[in-house]
Structures are given as C-alpha cells and as structure tokens.
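Nothing fancy with the numbering, it's 1 onward along the sequence.
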Amino acid sequence: MNTLLTRLYFTLIGIFLAAPIVVVAGVSVNAKQSLNFPPQGFSLAWYGAIFTDPGWRAALFASLTLALLSAALAVAIALPLAWFLWRRLAPWAQIFQLLGIAPFTLPPVITALGLLTFWAATGFYGQPWTAVISHAIFFVTLPLLTLSLGFSAIDRSLVEAASTMGADDRTIFRTVVLPLIMPYLVSGYAFAFVLSLNEYIVAYMTVGFVMETLPIKIFNALRYGYTPVMASVTILFVAVAALIFGLVARFGDLPKLLGANAGDRS
C-alpha cells in the first residue's frame with residue numbers, strides 16, 4: 001500500500017512538472033497563429049521561422065555567440081582560481097572563492113543593476129562585448145564549483161610524485177591535473193552555456209537596446225502579441241538543455257559532478 005501511494009505521489013509530481021512543457025509544446029505546433037491547446041492542426045512552420053525569419057535568426061545567432069563566449073570566459077576565470085585555491089590551503093585564500101560565488105548568489109536584478117551602473121560609469125554601456133563579460137562574471141560560480149570538486153578529487157600524491165620527478169607546475173598541470181579535471185571543466189562550461197543561453201535580465205540591462213538575444217526577443221515580441229514562434233523557442237531551449245545535460249550525464253558521472261559524493265572523499 002505504501003509503495004503504491006509513493007508511486008502515485010511521484011507520478012502526480014511528474015505530471016505537475018511536465019504539464020507546462022506539454023502545453024507549450026502543443027501550442028508550438030498549432031497550424032494557426034493562435035494560443036490554443038490542444039493544438040488546432042499540426043505544423044512545424046513555427047520552428048522553421050526561428051531559422052528563416054531574419055529577426056529570430058539574428059536573435060538565435062546573438063544568443064549562441066553570447067553563450068559560447070561567456071561560458072568560455074567563465075571557465076578561463078574559474079580554472080586558475082580553482083587551481084590556486086587547491087594549491088593554497090591558507091584560510092585567506094577562501095576569500096577569492098567567496099568572491100567567485102557572490103555574483104550568482106545575489107538576486108539577478110541586483111547583479112544586473114550593478115553591472116549596468118559599472119558599464120555606464122566607464123562609458124562602455126551598450127557594447128556587445130560587455131554582455132560577454134557580464135555573463136561570465138554572473139555565471140563563473142558554476143565552473144568554479146565544478147572545478148573545485150574536480151580538484152578536491154585529485155590524489156595529491158600524484159602531484160607530489162610528479163614534482164619529485166622534476167616536473168614544474170606547468171608540466172604537472174598539463175600532464176597530471178588537466179586530464180583529471182577535464183570532465184569537471186566540460187560540465188562547468190556546459191552549465192554556464194545553458195544558463196547564459198536562457199538568461200534575460202543581465203543581458204537586457206547591459207546591451208538590451210543594441211543586441212537582441214532570444215529571451216530579449218521573446219519579451220520584445222510580446223508587446224505586439226503572441227505567436228507560436230515563442231513557444232517553439234521555449235521548446236528549443238528545453239531540448240538544448242536536455243541534450244547538453246544528457247551528454248554530461250552520459251559521458252561523465254553527473255551526481256559526482258554535482259557534488260553528490262563530496263562527503264565520501266577524504
């Protein structure tokens with residue numbers, strides 16, 4: 001009886017969580033330009049519009065460019081910081097980790113306003129590259145955490161053995177450390193990429209008037225009414241996130257990458 005109730009409970013939770021996605025997916029294949037569910041007819045034309053309509057295509061390219069570059073910059077910031085924190089066990093070194101985590105723990109609107117004020121004060125407000133830097137700062141927490149988990153899983157005796165054999169820090173990092181943390185580096189990049197692709201407020205507050213990403217495009221388009229293209233973009237976001245996280249889970253140990261086994265490490 002208890003098992004049946006447990007299954008029923010989790011089934012209801014699953015239906016509750018999946019229902020919005022099912023509704024949006026249904027709306028995205030409407031044959032007519034209408035907000036109807038169940039859909040009236042079936043058409044994939046709205047998915048094609050993402051790539052054929054100049055406005056949506058430009059927004060897609062802007063979102064992909066921003067996500068690819070900002071995720072790479074976030075990893076470039078997090079990697080040496082995590083390496084430093086692992087090598088330096090002094091308590092004061094944790095200050096840098098707190099600084100790396102702080103932007104992501106604050107409410108997004110606070111971080112966005114801070115970045116807006118900074119770029120406006122320096123005279124660079126509205127430049128597309130400021131969005132790349134802003135997203136990298138905002139999402140650096142993700143690769144920093146995954147890389148910190150990766151470094152903490154390394155057996156320090158391997159590094160000591162390499163050092164004893166005469167290898168310098170650069171050689172040790174390239175030949176011993178980097179191969180061991182590569183899954184954590186890739187997962188940190190993937191997490192930052194997916195969230196940057198979906199992020200709205202930081203991008204809007206920094207370059208929203210000169211560069212339209214897909215989230216900004218959706219909100220701007222809502223001023224003129226609803227089209228199923230917006231639902232198609234939403235399903236595209238969900239599909240990309242599911243694909244990326246699925247690949248991370250397939251080729252890496254996802255629970256370990258998320259820190260589930262952190263307590264098992266000595």
Side-chain angles (χ1 to χ4, degrees), residues 61-90 92-106 108 111-112 114-116 118-119 122 124-154 159 167-199 201-203 205-207 211 213 240-241 244-245 247-248 251-252 254 256-259:
F61 178 77
S63 288
L64 288 174
T65 302
L66 175 58
L68 288 168
L69 294 179
S70 62
L73 182 57
V75 170
I77 296 171
L79 181 56
L81 182 55
W83 166 253
F84 172 79
L85 291 172
W86 184 66
R87 294 295 299 272
R88 306 290 180 181
L89 299 178
W92 58 266
Q94 299 305 314
I95 296 175
F96 292 97
Q97 186 173 29
L98 293 175
L99 291 174
I101 295 174
F104 197 70
T105 57
L106 293 173
T111 302
L115 292 167
L116 167 64
F118 175 79
W119 294 123
T122 55
F124 295 117
Y125 174 75
Q127 298 295 324
W129 56 267
T130 63
V132 174
I133 297 176
S134 298
H135 267 198
I137 293 172
F138 188 46
F139 294 118
V140 71
T141 302
L142 301 171
L144 178 60
L145 290 178
T146 59
L147 286 169
S148 296
L149 289 170
F151 278 113
S152 66
I154 295 176
V159 176
D168 57 15
D169 284 349
R170 183 176 300 180
T171 303
I172 292 173
F173 180 81
R174 187 181 70 253
T175 60
V176 178
V177 174
L178 189 58
L180 293 174
I181 65 168
M182 185 57 67
Y184 300 89
L185 187 150
V186 173
S187 64
Y189 180 91
F191 296 152
F193 172 83
V194 169
L195 292 186
S196 177
L197 194 66
N198 289 271
E199 200 281 327
I201 189 166
V202 172
M205 296 287 277
T206 52
V207 290
M211 184 178 76
T213 62
V240 169
I244 290 177
F245 293 145
L247 290 174
V248 170
F251 296 104
L254 187 59
K256 187 176 181 180
L257 293 173
L258 295 176

Partners meeting side-chain hydrogen bond (donor to acceptor under 3.5 Å, both in side chains) with Thr65 (sequence neighbours left out): none

Trp86/Phe151 aromatic ring centres below 6.0 Å: yes

Residues 67-78, side-chain donor-acceptor partners within the protein, below 3.5 Å, at least two apart:
{"from": "Ser70", "atom 1": "OG", "to": "Leu66", "atom 2": "O", "distance (Å)": "2.6"}
{"from": "Ser70", "atom 1": "OG", "to": "Ala67", "atom 2": "O", "distance (Å)": "3.4"}
{"from": "Ser70", "atom 1": "OG", "to": "Ser196", "atom 2": "OG", "distance (Å)": "3.0"}

Pairwise distance CG(Leu197) to OG1(Thr213) - rounded to 0.5 angstrom: 8.5 Å

Spacing of CG belonging to Leu144 relative to CG belonging to Leu85, to within rounding of 0.5 Å: 6.5 Å

Rounded distance [0.5 Å steps], CG in Leu64 versus CZ in Phe61: 8.5 Å

Side-chain (Thr130) to main-chain (Tyr125) donor-acceptor, under 3.5 angstrom: no

Side chains of Trp119 and Ser134 in contact at under 4.5 Å (non-hydrogen atoms): yes

Heavy-atom pair of closest approach, residues Val202 and Thr206: O-OG1, 2.8 Å

Partner set under ring pair (Phe, Tyr, Trp, His ring centres under 6.0 Å) for Phe124, not counting sequence neighbours: Trp129

Partners meeting ring pair (Phe, Tyr, Trp, His ring centres under 6.0 Å) with Phe173 (sequence neighbours left out): Trp83

Nearest atoms (heavy-atom pairs only) where Met205 meets Leu116: O-CD1, 3.1 Å

side-chain contact (heavy atoms from CB on, under 4.5 Å) partners of Pro80, counting only residues at least two apart: none

Set of residues satisfying side-chain contact (heavy atoms from CB on, under 4.5 Å) with respect to Val194, sequence neighbours excluded: Asn198, Ala241, Ile244, Phe245

Heavy-atom closest contact (Thr175 atom, Thr171 atom, distance): OG1-O, 2.6 Å

Atom of Gly188, atom of Thr146 and distance for their closest heavy-atom approach: CA-OG1, 3.4 Å

With sequence neighbours excluded, residues passing side-chain contact (heavy atoms from CB on, under 4.5 Å) with Leu195: Phe104, Phe139, Leu142

Qualifying residues under ring pair (Phe, Tyr, Trp, His ring centres under 6.0 Å), relative to Phe193, sequence neighbours excluded: none

